[in-house]
Amino acid sequence: MILRPSNLPKLAACPCYEPNPNAGPAAERGSALDALFRARMQGDMDPSGMAHDLNAEDIGAVEWAVTTLKVLAGDAQVITREEDCCVTIPGFEKPGTADALILGKFAHADLKTGQIRNYREQMAAYALGLMEMHFASEWTAHLLFCDQRQVVTLHFSYDEAKATVEKVIAAYRDAGKQPAICDYCGWCDKEMTCSLRRTLAQNALSVSEPGFLFEAVLADNETLGKFLCACAVVNDYRGKAEETAKERLQAGATIPGWKLATRRGPEFVDHITVGHHIQAIGFGLVLAAYGNLSAKKFRELWAAKFPQTPFPEETVKHGHTSLSLRQTHKN
Ligand code: SF4
């Protein structure tokens, strides 16, 4: 694997992490928003040439990032051309690319899509390289979380950035490194082959052993937590196993105990036809039959129709709060 700054937060969580070469839709959206962000910062206002379909929400998120970066930069010049944002980082085979450099302020900015996560180690790598290139002893990194409209600012001294990066690289290059179950397992190329995940799955599958006592699992909180962690890993394996079984059954193979079941698709009337009859039936009746619209969808419609008018947040209603179980650590 070629060491890249973007992998550092994952390697900090598990030194055995390997990026999956097949970028998912979230990564593709991230790249598309990144391209639009650079284009907008360089004065190109037409997103029609973008390879990825961008909706009003995506464009609104990028607009927020552009405006926020301009406010953060103030009078300072901002550079976003990829060729000018290359960063040579000690310990890395290839240079990284920051999203924006704020000249004269010893700062850079990085656009982030999706949920707010830890990017400290990646930002430390850029900061280290940029401090070397600009002969600086301190550096600031602004993370622009455009989906949440939130800025997270990190400050690094040279020593701090160097120690952060070196610690992750040393753990990654350690011949005796061990995997650590983490939030990035689902993005890891070893998701289905990792020895630690296999052991966890085996632990959960031991429920089928004759001596297994489920009452004992329920009786002890420590055992209950471990059992649920193991079940979460088995669930990932189950998804992959179901996919494989479906493909093989379709190809004519026999999987003992399983067969393909076909379900007729649901009957429906498309929205264009409904539109033709809506006046005759009555808007109120038809809309009531459609039910509630998600706040996200309504925000998108509003942003597309009234880009200059703030969304009326008071129209959003909240459903009942429900309780669910969330994993806080993985093993
Ligand atoms: S799947 Fe294994 S190697 Fe990959 S991140 Fe998870 S624990 Fe680490």
Side-chain angles (χ1 to χ4, degrees), residues 1-31 89 91-94 96 110 112-126 143 145 147 152 154 163-208 217 221-247 324-331:
M1 170 178 101
I2 294 176
L3 195 59
R4 295 181 199 282
S6 58
N7 287 330
L8 290 197
K10 292 130 187 164
L11 290 170
C14 172
C16 301
Y17 171 85
E18 269 187 31
N20 188 326
N22 303 316
E28 281 171 19
R29 175 178 177 259
S31 302
I89 305 160
F92 287 73
E93 296 99 328
K94 291 197 167 188
D110 233 43
K112 295 295 180 198
T113 51
Q115 68 186 85
I116 296 181
R117 292 179 177 275
N118 164 51
Y119 290 99
R120 183 169 190 82
E121 293 79 8
Q122 181 190 8
M123 293 305 109
Y126 288 141
L143 287 157
F145 289 98
D147 290 320
V152 172
L154 304 172
T164 302
V165 173
E166 285 181 352
K167 187 176 167 199
V168 183
I169 296 181
Y172 166 64
R173 298 209 191 283
D174 181 358
K177 66 185 175 183
Q178 295 295 326
I181 302 288
C182 62
D183 285 341
Y184 302 108
C185 289
W187 299 352
C188 178
D189 202 30
K190 299 181 202 158
E191 184 190 6
M192 295 297 155
T193 55
C194 171
S195 57
L196 180 56
R197 281 168 61 83
R198 280 187 172 163
T199 307
L200 273 177
Q202 256 166 6
N203 291 347
L205 290 172
S206 69
V207 295
S208 57
V217 171
N221 289 346
E222 181 88 4
T223 320
L224 179 61
K226 282 189 177 159
F227 178 75
L228 285 171
C229 286
C231 287
V233 176
V234 173
N235 226 14
D236 293 345
Y237 279 108
R238 182 190 152 175
K240 184 72 190 165
E242 282 186 351
E243 251 173 57
T244 308
K246 266 190 223 161
E247 281 169 19
S324 66
L325 204 56
R326 183 177 295 173
Q327 208 169 347
T328 52
H329 59 268
K330 303 280 173 170
N331 57 355

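Nothing here was measured: the structure is a model prediction, and the numbers come from that model. Read the numbers this way: they start at 1 and go in the same order the structure lists the ligands and their atoms.
For ligand 1 and I181, the ligand atoms under 4.0 Å from any heavy atom of the residue are 7 (S). Atoms of ligand 1 found under 4.0 Å from any heavy atom of C16 (numbered from 1 in listed order, with element): 3 (S).
Residue L196 places every heavy atom at 4.0 Å or more from ligand 1.
With C188, A13, C185 as candidates, the residue nearest to atom 6 (Fe) of ligand 1 on a non-hydrogen basis is C185.
Nearest protein heavy-atom neighbour of atom 7 (S) of ligand 1: A180 O, 3.4 Å. Regarding atom 8 (Fe) of ligand 1, its nearest protein heavy-atom neighbour is C14 SG, 2.3 Å.
At a cut-off of 2.8 Å, C194 is counted among the residues with an N, O or S atom near atom 2 (Fe) of ligand 1.
In R197, the part holding a heavy atom less than 4.0 Å from any atom of ligand 1 is the side chain.
Classified by interplanar angle (parallel below 30°, tilted 30° to 60°, perpendicular above 60°), the ring pair Y17/Y184 is perpendicular.
Checking side-chain atoms of D147 against main-chain N and O of T113 turns up no donor-acceptor pair under 3.5 Å. A donor-acceptor pair under 3.5 Å is absent between the side-chain atoms of K112 and the main chain of Y119, judged by distance alone.
The side chain to side chain contact (heavy atoms under 4.5 Å, CB included) test with L8 singles out one residue from N118, V168, I89, T164, and that residue is V168. Of the residues listed (M1, K177, R4), the one engaging L11 in a side chain to side chain contact (heavy atoms under 4.5 Å, CB included) is M1, and it is the only one.
Taking the charged nitrogens against the carboxylate oxygens, K246 and E242 have no contact shorter than 4.0 Å, which rules out a salt bridge.
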